[in-house]
Amino acid sequence: MKVHNRLSSWEYIPVADRGLDEKDQTVFVLKGLPYDLYNKIMSDATPKLRMPISAMQKAAESQEIDASTEMELNPGTRYIREFDILSAGIVTVKNLIDAETGEAVEYKDTWPDNKKKEWFASWLPADLRVEIADAITRGSSLSKEELGN
């Protein structure tokens, strides 16, 4: 059996930057989540199965069913876990530029939690925080090939 170290780091380019020239892309260096944190996040999640009504008809006709599974967290838990995921999973950030000064925005994974929280709130829009947290969580359970950045 060949396995991949899910705690190793990899580079992630946000969806919004993927069409840009390489020199203009922001790159987040991410790493997988520690086992206890990953399990805590998964135990907080409530799975939901979404199936269109047409799938019920297909099931009755014994055809294939198209369904998807979602994980949903209550809002309070979601924000706590989002911070936990970002804090544990972001190693560094390259080419994140302050729009006002044109200077690179620094991030260090060794900062204390209160400084990380301030940084996440200051520099990462909510949709990007969710995207990065999702990438870290997927990276904790999928191989680099399965991630397909």
Side-chain angles (χ1 to χ4, degrees), residues 2-55 64-149:
K2 291 183 180 180
V3 295
H4 172 74
N5 180 356
R6 300 198 188 308
L7 299 179
S8 64
S9 62
W10 72 94
E11 292 187 346
Y12 178 82
I13 299 166
V15 172
D17 282 13
R18 292 183 188 169
L20 301 175
D21 288 338
E22 208 172 297
K23 65 178 178 52
D24 296 324
Q25 293 176 337
T26 298
V27 178
F28 287 81
V29 179
L30 308 176
K31 65 180 178 182
L33 299 174
Y35 183 76
D36 58 340
L37 178 56
Y38 181 78
N39 284 334
K40 188 176 211 176
I41 291 163
M42 291 299 112
S43 68
D44 286 342
T46 304
K48 289 171 68 175
L49 181 63
R50 292 207 183 266
M51 187 181 305
I53 291 178
S54 61
E64 280 190 40
I65 297 175
D66 292 327
S68 62
T69 303
E70 292 181 355
M71 299 302 254
E72 192 169 277
L73 297 174
N74 72 49
T77 302
R78 184 171 60 91
Y79 293 122
I80 292 167
R81 291 299 164 245
E82 180 183 272
F83 169 76
D84 291 342
I85 293 166
L86 295 173
S87 181
I90 297 177
V91 177
T92 192
V93 183
K94 303 173 188 175
N95 203 34
L96 183 66
I97 306 299
D98 181 337
E100 290 181 22
T101 66
E103 300 292 323
V105 177
E106 178 184 37
Y107 176 80
K108 293 185 180 181
D109 67 340
T110 56
W111 285 340
D113 284 354
N114 62 338
K115 186 162 183 170
K116 286 181 181 181
K117 285 179 185 176
E118 183 180 314
W119 191 91
F120 297 148
S122 296
W123 299 110
L124 300 182
D127 59 335
L128 183 57
R129 289 193 308 263
V130 170
E131 179 184 345
I132 299 299
D134 183 53
I136 293 166
T137 305
R138 280 192 333 246
S140 298
S141 60
L142 300 176
S143 71
K144 287 182 182 176
E145 293 74 27
E146 292 167 321
L147 279 171
N149 194 16

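Just so it is clear, the model here is predicted, and its values are computed rather than measured.
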N/O donor-acceptor pairs under 3.5 Å from side chains in residues 95-102, not counting sequence neighbours:
from	atom 1	to	atom 2	distance (Å)
Asn95	ND2	Lys23	O	2.9
Asn95	ND2	Asp24	O	3.4
Asn95	ND2	Gln25	O	3.0
Asp98	OD1	Glu100	N	2.8
Thr101	OG1	Glu103	N	3.1

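- When side chains are defined from C-beta on, Trp119 counts as touching Val93, because their heavy atoms get closer than 4.5 Å.
- Looking at heavy atoms from C-beta onward, Leu30 lies in side-chain contact with Ile90 at the 4.5 angstrom threshold.
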Under 3.5 Å, side-chain donor or acceptor atoms of residues 111-118 against the rest of the protein: list the pairs with distances, not counting sequence neighbours.
from	atom 1	to	atom 2	distance (Å)
Lys116	NZ	Ser87	O	3.2
Lys116	NZ	Ser87	OG	3.2
Lys116	NZ	Asp109	O	2.9

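- In plain terms, the two heavy atoms of Leu128 and Pro14 that are nearest each other are CD1-CB, 3.8 Å.
- Considering all non-hydrogen atoms of both residues, Ser9 and Val91 come closest at CB-CG2, 4.4 Å.
- For the pair Glu82 (side chain) and Arg129 (backbone), a donor-acceptor distance under 3.5 Å is absent.
- The shortest heavy-atom contact between Ile85 and Ala133 is CG2-O, 3.5 Å.
- Side-chain contact between Phe28 and Ile136: absent, with no pair of heavy atoms (C-beta onward) separated by less than 4.5 Å.
- Side-chain contact between Leu86 and Ile132 is present, with heavy atoms from C-beta onward closer than 4.5 Å.
- Minimum heavy-atom separation, Ala88 to Leu37: CB-CD2, 3.7 Å.
- Between the CG atom in Asn5 and the NZ atom in Lys31 there is a gap of 11.0 Å [rounded to 0.5 Å].
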Tell me, with the steps shown, if Asp134 and Arg138 meet salt bridge (charged side-chain N to carboxylate O under 4.0 Å, His left out). CA-CA 6 Å; Asp134 183 53; Arg138 280 192 333 246; 2.8 Å; yes
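- In this structure, Thr137 and Tyr38 have side chains that are in contact, with non-hydrogen atoms separated by less than 4.5 Å.
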